[in-house]
Amino acid sequence: MSPTQEHEPQARHQSKKAAASGWIGSALEYYDFFIYATAASLIFPQIFFPKGDPAIAIVASLATYGVGYVARPIGAFFLGHWGDTHGRKQVLILCMFLMGFSTIAVGLLPTYDQVGLLAPVLLVICRLVQGFAVAGEISGASSMILEHAPFGRRGFFASFTLQGVQAGQILAAAVFLPLAHYMPAEAFNSWGWRIPFLLSFIVIVAGYIIRKEVDETPAFAEEGQQQQRPRSPIVDAFKYSWKDMIRVICMALMNVIPVVATIFGAAYAVQSAYGIGFAKDIYLWIPVLGNILAVVVIPYVGNLSDRIGRKPPIVFGALASGLLAFGYLYAISIKSVPLAICMSLLMWGVVYQGYNAVFPSFYPELFPTRTRVSAMAISQNIGTAVTAMLPALFATVAPPGAANIPLIVGSLAFGITVIAAIAALSARETYRIHMNDLGNPDAKPVPKAEYARLREQTLDEGRLHKGKGVPA
(Lines give C-alpha, C1' and ligand atoms only; values in the text may rest on other atoms or scores of the structure.)
Protein backbone atom coordinates (compact mmCIF):
# COMPACT_ATOMS: atom_id res chain seq x y z
CA MET A 1 0.00 0.00 0.00
CA SER A 2 1.38 3.41 -0.98
CA PRO A 3 1.86 6.17 1.62
CA THR A 4 -0.95 8.14 -0.01
CA GLN A 5 -3.36 5.20 0.31
CA GLU A 6 -2.45 4.81 3.98
CA HIS A 7 -3.42 8.41 4.69
CA GLU A 8 -6.47 8.83 2.43
CA PRO A 9 -9.89 7.08 2.65
CA GLN A 10 -10.22 4.45 -0.08
CA ALA A 11 -13.99 4.21 -0.60
CA ARG A 12 -15.72 5.76 -3.65
CA HIS A 13 -15.49 9.56 -3.81
CA GLN A 14 -18.37 11.57 -5.30
CA SER A 15 -16.64 14.91 -5.62
CA LYS A 16 -19.04 16.51 -8.09
CA LYS A 17 -22.25 15.20 -6.50
CA ALA A 18 -21.08 16.28 -3.06
CA ALA A 19 -20.19 19.74 -4.38
CA ALA A 20 -23.63 20.04 -6.01
CA SER A 21 -25.29 18.99 -2.76
CA GLY A 22 -23.34 21.57 -0.76
CA TRP A 23 -24.05 24.22 -3.38
CA ILE A 24 -27.83 23.78 -3.35
CA GLY A 25 -27.97 23.59 0.44
CA SER A 26 -25.99 26.77 0.84
CA ALA A 27 -28.13 28.44 -1.81
CA LEU A 28 -31.22 27.54 0.21
CA GLU A 29 -29.71 28.77 3.47
CA TYR A 30 -28.59 32.09 2.10
CA TYR A 31 -31.64 32.64 -0.08
CA ASP A 32 -33.58 32.43 3.19
CA PHE A 33 -30.93 34.46 5.05
CA PHE A 34 -30.89 37.25 2.51
CA ILE A 35 -34.63 37.62 2.04
CA TYR A 36 -35.00 37.89 5.81
CA ALA A 37 -32.07 40.29 6.10
CA THR A 38 -33.43 42.42 3.27
CA ALA A 39 -36.94 42.46 4.69
CA ALA A 40 -35.60 43.29 8.17
CA SER A 41 -33.93 46.38 6.71
CA LEU A 42 -36.56 47.49 4.18
CA ILE A 43 -39.99 46.21 5.24
CA PHE A 44 -40.24 44.83 8.78
CA PRO A 45 -39.78 48.17 10.65
CA GLN A 46 -43.03 49.38 9.09
CA ILE A 47 -45.21 46.25 9.38
CA PHE A 48 -44.11 44.30 12.48
CA PHE A 49 -43.43 47.06 14.99
CA PRO A 50 -45.36 50.01 16.51
CA LYS A 51 -45.46 53.11 14.34
CA GLY A 52 -43.75 55.45 16.78
CA ASP A 53 -40.10 56.45 16.74
CA PRO A 54 -38.65 55.22 13.39
CA ALA A 55 -35.16 54.88 14.88
CA ILE A 56 -36.47 52.47 17.53
CA ALA A 57 -38.31 50.47 14.87
CA ILE A 58 -35.10 50.13 12.82
CA VAL A 59 -33.08 48.92 15.84
CA ALA A 60 -35.83 46.48 16.86
CA SER A 61 -36.16 45.05 13.36
CA LEU A 62 -32.41 44.57 12.97
CA ALA A 63 -32.37 42.94 16.42
CA THR A 64 -34.81 40.26 15.18
CA TYR A 65 -32.26 39.51 12.46
CA GLY A 66 -29.67 38.99 15.19
CA VAL A 67 -31.95 36.82 17.32
CA GLY A 68 -31.64 34.01 14.77
CA TYR A 69 -27.95 33.82 15.51
CA VAL A 70 -28.62 33.39 19.22
CA ALA A 71 -30.14 30.00 18.39
CA ARG A 72 -27.21 29.00 16.21
CA PRO A 73 -24.86 27.85 19.00
CA ILE A 74 -27.71 25.75 20.44
CA GLY A 75 -28.39 24.24 17.03
CA ALA A 76 -24.67 23.69 16.52
CA PHE A 77 -24.43 21.47 19.61
CA PHE A 78 -27.38 19.32 18.52
CA LEU A 79 -26.73 19.24 14.77
CA GLY A 80 -22.95 18.94 15.14
CA HIS A 81 -23.41 15.88 17.36
CA TRP A 82 -25.90 14.46 14.86
CA GLY A 83 -23.51 14.96 11.96
CA ASP A 84 -20.60 13.25 13.73
CA THR A 85 -22.66 10.30 14.99
CA HIS A 86 -25.31 9.74 12.27
CA GLY A 87 -23.54 11.11 9.22
CA ARG A 88 -23.10 14.23 7.10
CA LYS A 89 -25.93 13.34 4.72
CA GLN A 90 -28.58 12.94 7.43
CA VAL A 91 -27.80 16.20 9.17
CA LEU A 92 -27.86 18.14 5.89
CA ILE A 93 -31.32 16.88 4.96
CA LEU A 94 -32.60 17.72 8.46
CA CYS A 95 -31.14 21.24 8.30
CA MET A 96 -32.68 21.85 4.89
CA PHE A 97 -36.22 20.97 5.94
CA LEU A 98 -36.09 22.92 9.21
CA MET A 99 -34.72 26.00 7.50
CA GLY A 100 -37.09 25.87 4.56
CA PHE A 101 -40.30 25.45 6.49
CA SER A 102 -39.43 28.11 9.09
CA THR A 103 -38.82 30.54 6.22
CA ILE A 104 -42.17 29.72 4.66
CA ALA A 105 -43.77 30.39 8.05
CA VAL A 106 -42.36 33.96 8.05
CA GLY A 107 -44.23 34.59 4.81
CA LEU A 108 -47.50 33.60 6.49
CA LEU A 109 -47.19 35.77 9.63
CA PRO A 110 -49.78 38.43 10.55
CA THR A 111 -48.63 42.06 10.87
CA TYR A 112 -48.57 44.38 13.88
CA ASP A 113 -51.74 46.11 12.69
CA GLN A 114 -53.51 42.74 12.65
CA VAL A 115 -52.42 41.12 15.93
CA GLY A 116 -50.38 43.74 17.78
CA LEU A 117 -47.35 42.60 19.79
CA LEU A 118 -47.98 38.97 18.84
CA ALA A 119 -46.59 39.82 15.38
CA PRO A 120 -42.98 40.51 16.47
CA VAL A 121 -43.18 37.59 18.92
CA LEU A 122 -44.06 35.16 16.12
CA LEU A 123 -41.37 36.72 13.94
CA VAL A 124 -38.78 36.07 16.64
CA ILE A 125 -39.92 32.44 17.03
CA CYS A 126 -39.56 31.79 13.30
CA ARG A 127 -36.15 33.42 13.32
CA LEU A 128 -35.06 31.23 16.23
CA VAL A 129 -36.02 28.10 14.28
CA GLN A 130 -34.12 29.42 11.26
CA GLY A 131 -31.06 30.01 13.40
CA PHE A 132 -31.24 26.53 14.92
CA ALA A 133 -31.60 24.94 11.48
CA VAL A 134 -28.76 26.69 9.67
CA ALA A 135 -26.30 25.94 12.48
CA GLY A 136 -25.34 22.61 10.92
CA GLU A 137 -25.60 23.57 7.25
CA ILE A 138 -22.20 25.10 6.43
CA SER A 139 -20.22 22.75 8.70
CA GLY A 140 -22.06 19.68 7.41
CA ALA A 141 -21.85 20.72 3.76
CA SER A 142 -18.19 21.73 4.02
CA SER A 143 -17.31 18.44 5.74
CA MET A 144 -19.20 16.39 3.17
CA ILE A 145 -17.54 18.09 0.20
CA LEU A 146 -14.09 18.05 1.83
CA GLU A 147 -14.31 14.35 2.65
CA HIS A 148 -15.43 13.46 -0.88
CA ALA A 149 -12.76 15.64 -2.55
CA PRO A 150 -9.44 14.18 -3.80
CA PHE A 151 -6.17 15.21 -2.17
CA GLY A 152 -4.85 18.43 -3.66
CA ARG A 153 -8.32 19.63 -4.70
CA ARG A 154 -10.08 20.07 -1.37
CA GLY A 155 -9.95 23.86 -1.45
CA PHE A 156 -11.45 24.02 -4.94
CA PHE A 157 -14.35 21.65 -4.28
CA ALA A 158 -15.13 22.99 -0.80
CA SER A 159 -15.36 26.53 -2.18
CA PHE A 160 -18.60 25.55 -3.93
CA THR A 161 -20.31 25.65 -0.54
CA LEU A 162 -19.80 29.41 -0.48
CA GLN A 163 -20.45 29.83 -4.19
CA GLY A 164 -23.90 28.50 -3.35
CA VAL A 165 -24.16 31.15 -0.63
CA GLN A 166 -23.57 33.93 -3.13
CA ALA A 167 -25.89 32.34 -5.69
CA GLY A 168 -28.62 32.14 -3.05
CA GLN A 169 -28.28 35.84 -2.39
CA ILE A 170 -28.49 36.59 -6.12
CA LEU A 171 -31.61 34.45 -6.36
CA ALA A 172 -33.17 36.26 -3.39
CA ALA A 173 -32.46 39.67 -4.87
CA ALA A 174 -33.71 38.51 -8.27
CA VAL A 175 -37.05 37.84 -6.59
CA PHE A 176 -37.08 41.04 -4.50
CA LEU A 177 -35.94 43.44 -7.25
CA PRO A 178 -38.86 43.12 -9.67
CA LEU A 179 -41.35 43.09 -6.79
CA ALA A 180 -39.91 46.26 -5.23
CA HIS A 181 -39.65 47.98 -8.61
CA TYR A 182 -42.91 47.10 -10.33
CA MET A 183 -45.39 46.63 -7.51
CA PRO A 184 -47.16 49.64 -5.99
CA ALA A 185 -45.63 50.43 -2.59
CA GLU A 186 -48.89 49.74 -0.78
CA ALA A 187 -49.29 46.30 -2.36
CA PHE A 188 -45.61 45.42 -1.80
CA ASN A 189 -45.78 46.34 1.90
CA SER A 190 -49.12 44.57 2.28
CA TRP A 191 -48.50 41.19 0.63
CA GLY A 192 -45.82 41.40 -2.08
CA TRP A 193 -42.94 40.97 0.37
CA ARG A 194 -44.35 37.55 1.33
CA ILE A 195 -43.74 36.01 -2.11
CA PRO A 196 -39.96 35.43 -1.71
CA PHE A 197 -40.54 33.62 1.60
CA LEU A 198 -43.21 31.31 0.19
CA LEU A 199 -41.04 30.43 -2.81
CA SER A 200 -38.66 28.60 -0.43
CA PHE A 201 -40.82 25.53 -1.02
CA ILE A 202 -39.37 25.15 -4.52
CA VAL A 203 -35.80 25.21 -3.22
CA ILE A 204 -36.61 22.59 -0.58
CA VAL A 205 -37.83 20.16 -3.23
CA ALA A 206 -34.79 20.74 -5.46
CA GLY A 207 -32.39 20.39 -2.53
CA TYR A 208 -33.90 17.12 -1.34
CA ILE A 209 -33.76 15.55 -4.80
CA ILE A 210 -30.03 16.31 -5.07
CA ARG A 211 -29.01 15.48 -1.50
CA LYS A 212 -30.63 12.06 -1.37
CA GLU A 213 -28.40 10.95 -4.28
CA VAL A 214 -25.11 11.56 -2.43
CA ASP A 215 -23.44 8.69 -0.53
CA GLU A 216 -22.04 9.13 2.95
CA THR A 217 -18.43 10.30 2.86
CA PRO A 218 -15.56 7.74 2.69
CA ALA A 219 -13.86 9.25 5.75
CA PHE A 220 -17.00 8.97 7.90
CA ALA A 221 -17.71 5.46 6.61
CA GLU A 222 -14.19 4.32 7.55
CA GLU A 223 -14.61 5.74 11.04
CA GLY A 224 -17.70 3.55 11.44
CA GLN A 225 -16.00 0.44 10.06
CA GLN A 226 -13.13 0.90 12.49
CA GLN A 227 -15.58 1.68 15.32
CA GLN A 228 -13.81 4.98 15.99
CA ARG A 229 -16.86 7.24 16.13
CA PRO A 230 -16.98 8.94 19.52
CA ARG A 231 -20.02 8.64 21.76
CA SER A 232 -19.62 12.30 22.70
CA PRO A 233 -17.96 14.16 19.81
CA ILE A 234 -18.66 17.51 21.51
CA VAL A 235 -16.73 16.48 24.61
CA ASP A 236 -13.83 15.25 22.49
CA ALA A 237 -13.86 18.45 20.43
CA PHE A 238 -13.55 20.65 23.51
CA LYS A 239 -10.98 18.32 25.07
CA TYR A 240 -8.61 17.95 22.13
CA SER A 241 -9.36 20.82 19.72
CA TRP A 242 -10.26 23.80 21.92
CA LYS A 243 -7.41 25.96 20.65
CA ASP A 244 -8.47 25.60 17.03
CA MET A 245 -12.10 26.14 18.03
CA ILE A 246 -11.11 29.50 19.53
CA ARG A 247 -9.30 30.35 16.29
CA VAL A 248 -12.41 29.54 14.25
CA ILE A 249 -14.57 31.65 16.57
CA CYS A 250 -12.27 34.61 15.94
CA MET A 251 -12.06 34.01 12.18
CA ALA A 252 -15.85 33.68 11.94
CA LEU A 253 -16.08 37.29 13.09
CA MET A 254 -15.41 38.04 9.41
CA ASN A 255 -19.19 37.86 9.07
CA VAL A 256 -18.96 41.55 9.95
CA ILE A 257 -18.34 42.30 6.25
CA PRO A 258 -21.67 40.89 4.98
CA VAL A 259 -23.32 42.62 7.94
CA VAL A 260 -21.90 45.96 6.80
CA ALA A 261 -22.64 45.29 3.13
CA THR A 262 -26.16 43.90 3.24
CA ILE A 263 -27.71 44.67 6.64
CA PHE A 264 -26.52 47.92 8.16
CA GLY A 265 -25.63 49.28 4.73
CA ALA A 266 -29.20 48.69 3.56
CA ALA A 267 -30.73 50.43 6.56
CA TYR A 268 -28.25 53.32 6.30
CA ALA A 269 -28.93 53.80 2.59
CA VAL A 270 -32.70 53.29 2.47
CA GLN A 271 -34.37 54.13 5.78
CA SER A 272 -35.71 57.68 5.64
CA ALA A 273 -34.55 58.40 9.19
CA TYR A 274 -30.92 58.39 8.00
CA GLY A 275 -31.70 60.89 5.24
CA ILE A 276 -29.64 59.21 2.49
CA GLY A 277 -32.63 58.38 0.35
CA PHE A 278 -31.44 55.54 -1.92
CA ALA A 279 -34.42 53.97 -3.69
CA LYS A 280 -35.07 50.43 -2.44
CA ASP A 281 -34.80 48.82 -5.86
CA ILE A 282 -31.57 50.71 -6.66
CA TYR A 283 -29.94 49.77 -3.38
CA LEU A 284 -30.80 46.10 -3.89
CA TRP A 285 -28.56 46.11 -6.97
CA ILE A 286 -25.45 46.93 -4.92
CA PRO A 287 -25.01 43.55 -3.17
CA VAL A 288 -26.42 41.74 -6.23
CA LEU A 289 -23.62 42.95 -8.49
CA GLY A 290 -21.04 42.12 -5.82
CA ASN A 291 -22.45 38.61 -5.45
CA ILE A 292 -22.45 38.02 -9.20
CA LEU A 293 -18.75 38.83 -9.27
CA ALA A 294 -18.17 36.65 -6.19
CA VAL A 295 -19.73 33.62 -7.91
CA VAL A 296 -17.08 33.94 -10.62
CA VAL A 297 -14.18 34.64 -8.24
CA ILE A 298 -14.79 31.96 -5.59
CA PRO A 299 -13.67 28.79 -7.42
CA TYR A 300 -10.51 30.55 -8.60
CA VAL A 301 -9.64 31.53 -5.02
CA GLY A 302 -10.47 28.03 -3.80
CA ASN A 303 -8.15 26.61 -6.46
CA LEU A 304 -5.48 29.15 -5.50
CA SER A 305 -5.63 27.96 -1.89
CA ASP A 306 -4.78 24.45 -3.13
CA ARG A 307 -1.60 25.89 -4.66
CA ILE A 308 -0.33 28.42 -2.08
CA GLY A 309 -2.16 27.44 1.11
CA ARG A 310 -5.23 28.49 3.05
CA LYS A 311 -3.76 31.21 5.25
CA PRO A 312 -2.50 33.81 2.71
CA PRO A 313 -5.90 34.38 1.01
CA ILE A 314 -7.73 34.51 4.35
CA VAL A 315 -5.38 37.05 5.93
CA PHE A 316 -5.37 39.28 2.86
CA GLY A 317 -9.14 39.02 2.47
CA ALA A 318 -9.72 39.93 6.11
CA LEU A 319 -7.51 43.02 6.28
CA ALA A 320 -8.28 44.43 2.84
CA SER A 321 -12.06 44.02 3.07
CA GLY A 322 -11.99 45.63 6.52
CA LEU A 323 -10.26 48.67 5.06
CA LEU A 324 -12.69 48.84 2.15
CA ALA A 325 -15.63 49.00 4.57
CA PHE A 326 -14.69 52.64 5.20
CA GLY A 327 -14.95 53.45 1.51
CA TYR A 328 -18.22 51.61 1.06
CA LEU A 329 -19.96 53.44 3.89
CA TYR A 330 -18.46 56.75 2.77
CA ALA A 331 -19.90 56.21 -0.72
CA ILE A 332 -23.35 55.76 0.80
CA SER A 333 -22.89 58.82 3.02
CA ILE A 334 -22.22 61.09 0.02
CA LYS A 335 -25.21 59.56 -1.81
CA SER A 336 -23.11 58.28 -4.70
CA VAL A 337 -24.71 55.17 -6.19
CA PRO A 338 -21.89 54.57 -8.76
CA LEU A 339 -19.18 54.81 -6.08
CA ALA A 340 -21.15 52.59 -3.69
CA ILE A 341 -21.45 49.96 -6.42
CA CYS A 342 -17.70 50.13 -7.18
CA MET A 343 -16.78 49.81 -3.50
CA SER A 344 -19.18 46.88 -3.12
CA LEU A 345 -17.61 45.12 -6.10
CA LEU A 346 -14.17 45.50 -4.54
CA MET A 347 -15.06 44.79 -0.91
CA TRP A 348 -17.72 42.11 -1.30
CA GLY A 349 -17.23 40.73 -4.79
CA VAL A 350 -13.44 40.35 -4.88
CA VAL A 351 -11.43 40.97 -1.71
CA TYR A 352 -13.73 39.36 0.86
CA GLN A 353 -13.68 36.17 -1.20
CA GLY A 354 -10.10 35.60 -0.06
CA TYR A 355 -11.68 34.59 3.23
CA ASN A 356 -15.10 33.48 2.01
CA ALA A 357 -13.88 30.98 -0.59
CA VAL A 358 -11.28 29.37 1.68
CA PHE A 359 -12.86 28.92 5.10
CA PRO A 360 -15.07 25.98 3.93
CA SER A 361 -11.87 23.96 3.46
CA PHE A 362 -9.71 25.55 6.17
CA TYR A 363 -12.15 25.22 9.08
CA PRO A 364 -12.92 21.49 8.71
CA GLU A 365 -9.27 20.72 7.95
CA LEU A 366 -8.35 21.95 11.41
CA PHE A 367 -10.31 19.10 13.02
CA PRO A 368 -10.25 15.27 12.84
CA THR A 369 -13.03 13.35 11.08
CA ARG A 370 -14.53 12.02 14.31
CA THR A 371 -15.35 15.52 15.67
CA ARG A 372 -15.21 17.65 12.50
CA VAL A 373 -18.87 18.72 12.19
CA SER A 374 -19.30 19.38 15.92
CA ALA A 375 -16.10 21.38 16.34
CA MET A 376 -16.66 23.49 13.23
CA ALA A 377 -20.40 24.03 13.82
CA ILE A 378 -20.02 25.11 17.44
CA SER A 379 -17.06 27.43 16.95
CA GLN A 380 -18.24 28.99 13.68
CA ASN A 381 -21.74 29.64 15.00
CA ILE A 382 -20.49 31.19 18.22
CA GLY A 383 -18.44 33.59 16.10
CA THR A 384 -21.30 34.46 13.79
CA ALA A 385 -23.65 34.82 16.77
CA VAL A 386 -21.41 37.62 18.02
CA THR A 387 -21.53 39.43 14.67
CA ALA A 388 -25.30 39.00 14.41
CA MET A 389 -25.80 41.60 17.09
CA LEU A 390 -23.71 44.11 15.16
CA PRO A 391 -26.53 45.59 13.02
CA ALA A 392 -28.42 46.69 16.14
CA LEU A 393 -25.12 47.83 17.74
CA PHE A 394 -24.19 49.86 14.67
CA ALA A 395 -27.65 51.44 14.58
CA THR A 396 -27.28 52.28 18.29
CA VAL A 397 -23.79 53.83 18.23
CA ALA A 398 -24.40 55.44 14.82
CA PRO A 399 -28.13 56.29 14.89
CA PRO A 400 -29.93 58.60 12.47
CA GLY A 401 -28.53 62.09 12.87
CA ALA A 402 -25.14 60.96 14.19
CA ALA A 403 -21.98 62.49 12.78
CA ASN A 404 -19.18 60.46 11.13
CA ILE A 405 -21.25 57.29 10.68
CA PRO A 406 -18.82 55.79 8.10
CA LEU A 407 -15.87 56.39 10.45
CA ILE A 408 -17.61 54.93 13.51
CA VAL A 409 -18.97 51.80 11.84
CA GLY A 410 -15.94 51.38 9.57
CA SER A 411 -13.53 51.48 12.53
CA LEU A 412 -15.49 48.82 14.37
CA ALA A 413 -15.60 46.62 11.27
CA PHE A 414 -11.86 46.96 10.57
CA GLY A 415 -10.94 46.20 14.18
CA ILE A 416 -12.94 42.98 13.97
CA THR A 417 -11.26 41.91 10.71
CA VAL A 418 -7.84 42.43 12.34
CA ILE A 419 -8.81 39.93 15.05
CA ALA A 420 -9.82 37.43 12.36
CA ALA A 421 -6.51 37.88 10.50
CA ILE A 422 -4.46 37.31 13.66
CA ALA A 423 -6.41 34.12 14.41
CA ALA A 424 -5.69 32.80 10.89
CA LEU A 425 -2.00 33.61 11.20
CA SER A 426 -1.77 31.66 14.46
CA ALA A 427 -3.27 28.48 12.97
CA ARG A 428 -1.26 25.73 11.30
CA GLU A 429 -1.35 25.39 7.51
CA THR A 430 -3.46 22.43 6.39
CA TYR A 431 -3.58 22.17 2.60
CA ARG A 432 -0.71 19.65 2.31
CA ILE A 433 -1.91 17.35 5.12
CA HIS A 434 -3.64 14.09 4.17
CA MET A 435 -7.29 13.54 5.10
CA ASN A 436 -6.69 10.87 7.75
CA ASP A 437 -4.06 13.09 9.43
CA LEU A 438 -6.16 16.25 9.67
CA GLY A 439 -6.66 17.46 13.22
CA ASN A 440 -3.46 15.83 14.41
CA PRO A 441 -1.13 18.61 15.63
CA ASP A 442 1.88 16.34 15.01
CA ALA A 443 0.93 15.49 11.42
CA LYS A 444 3.64 16.26 8.89
CA PRO A 445 2.57 17.99 5.67
CA VAL A 446 3.48 16.39 2.38
CA PRO A 447 6.67 18.01 1.00
CA LYS A 448 5.88 20.71 -1.56
CA ALA A 449 7.41 18.87 -4.52
CA GLU A 450 5.57 15.65 -3.69
CA TYR A 451 2.34 17.59 -3.09
CA ALA A 452 2.65 19.27 -6.50
CA ARG A 453 3.14 15.86 -8.12
CA LEU A 454 0.12 14.33 -6.38
CA ARG A 455 -2.02 17.35 -7.16
CA GLU A 456 -1.08 17.22 -10.85
CA GLN A 457 -1.87 13.51 -10.84
CA THR A 458 -5.33 14.26 -9.41
CA LEU A 459 -5.89 16.95 -12.06
CA ASP A 460 -4.87 14.53 -14.83
CA GLU A 461 -7.28 11.89 -13.52
CA GLY A 462 -10.05 14.48 -13.46
CA ARG A 463 -9.36 15.46 -17.07
CA LEU A 464 -9.34 11.79 -18.09
CA HIS A 465 -12.68 11.08 -16.39
CA LYS A 466 -14.18 14.21 -17.93
CA GLY A 467 -13.07 13.15 -21.37
CA LYS A 468 -14.63 9.71 -20.93
CA GLY A 469 -17.83 11.13 -19.44
CA VAL A 470 -17.22 9.37 -16.11
CA PRO A 471 -18.87 11.16 -13.14
CA ALA A 472 -16.54 12.10 -10.29
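Quick caveat: nothing in here was measured; it's all calculated off a predicted structure. Start at 1 with the first residue, then count along the sequence.
Under the 30°/60° scheme for interplanar angles, the aromatic rings of Phe264 and Phe394 are found to stand perpendicular. Ring geometry for Tyr363 against Phe359 counts as tilted: the plane angle lies between 30° and 60°, on a 0 to 90° scale.
In this structure, Arg432 contributes its side chain and Pro445 its backbone to no donor-acceptor pair below 3.5 Å. No donor-acceptor pair closer than 3.5 Å links the side chain of Ser241 to the backbone N or O of Phe238.
Other residues, nucleotides and ligands place more than 12 heavy atoms under 6.0 Å from the OH atom of Tyr451. Residue-environment remark: CZ (Arg307) stays at or below the threshold of 12 foreign heavy atoms within 6.0 Å.
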### Query
How far apart are the C-alpha atoms of Leu324 and Tyr328, what are their side-chain angles, what is the distance that settles it, and do they pass the side chain to side chain contact (heavy atoms under 4.5 Å, CB included) test?
CA-CA 6 Å; Leu324 286 168; Tyr328 177 67; over 6 Å; no
#### Entry: Worked check of side chain to side chain contact (heavy atoms under 4.5 Å, CB included) between Arg127 and Val124
CA-CA 5 Å; Arg127 189 60 176 167; Val124 167; 5.6 Å; no
### Task
Given side chain to side chain donor-acceptor pair (under 3.5 Å), test Arg455 with Thr458 step by step and report yes or no.
CA-CA 5 Å; Arg455 175 173 150 75; Thr458 298; over 6 Å; no
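Of all heavy-atom pairs between Ile298 and Gln166, the closest is CD1-CG, 3.5 Å. The heavy-atom pair separating Ser15 from His148 by the smallest distance is OG-O, 3.0 Å.
Under the 6.0 Å distance and 45° angle rule, Arg194 does not count as a cation-pi partner of Phe197.
Judged purely by distance below 3.5 Å, without hydrogens or angles, the side chains of Gln457 and Asp460 never pair a donor atom with an acceptor atom. No donor-acceptor contact under 3.5 angstrom links the side chains of Ser361 and Arg154, judged on distance only.
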Please list, one pair per line, the donor and acceptor atoms closer than 3.5 Å that link side chains of residues 96-107 to other protein atoms, with sequence neighbours excluded.
{"from": "Ser102", "atom 1": "OG", "to": "Leu98", "atom 2": "O", "distance (Å)": "3.0"}
{"from": "Ser102", "atom 1": "OG", "to": "Met99", "atom 2": "O", "distance (Å)": "2.9"}
{"from": "Thr103", "atom 1": "OG1", "to": "Asp32", "atom 2": "OD2", "distance (Å)": "3.1"}
{"from": "Thr103", "atom 1": "OG1", "to": "Met99", "atom 2": "O", "distance (Å)": "2.9"}
{"from": "Thr103", "atom 1": "OG1", "to": "Gln130", "atom 2": "NE2", "distance (Å)": "2.7"}

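The side chain to side chain contact (heavy atoms under 4.5 Å, CB included) check on Val175 picks up Tyr31, Leu179, Pro196, Leu199, with sequence neighbours excluded. Applying the salt bridge (charged side-chain N to carboxylate O under 4.0 Å, His left out) test to Arg88 and every residue at least two apart in sequence or in another chain returns Asp84, Glu147.
Contact check for Tyr355 versus Ser321: no side-chain heavy atoms found under the 4.5 Å cut-off.
Between Lys444 and Asp437, none of the side-chain N atoms (NZ, or NE/NH1/NH2) sits under 4.0 Å from a carboxylate O, so this pair counts as no salt bridge. Salt-bridge check for Glu450 with Arg453: passed, with a basic side-chain N closer than 4.0 Å to an acidic carboxylate O.
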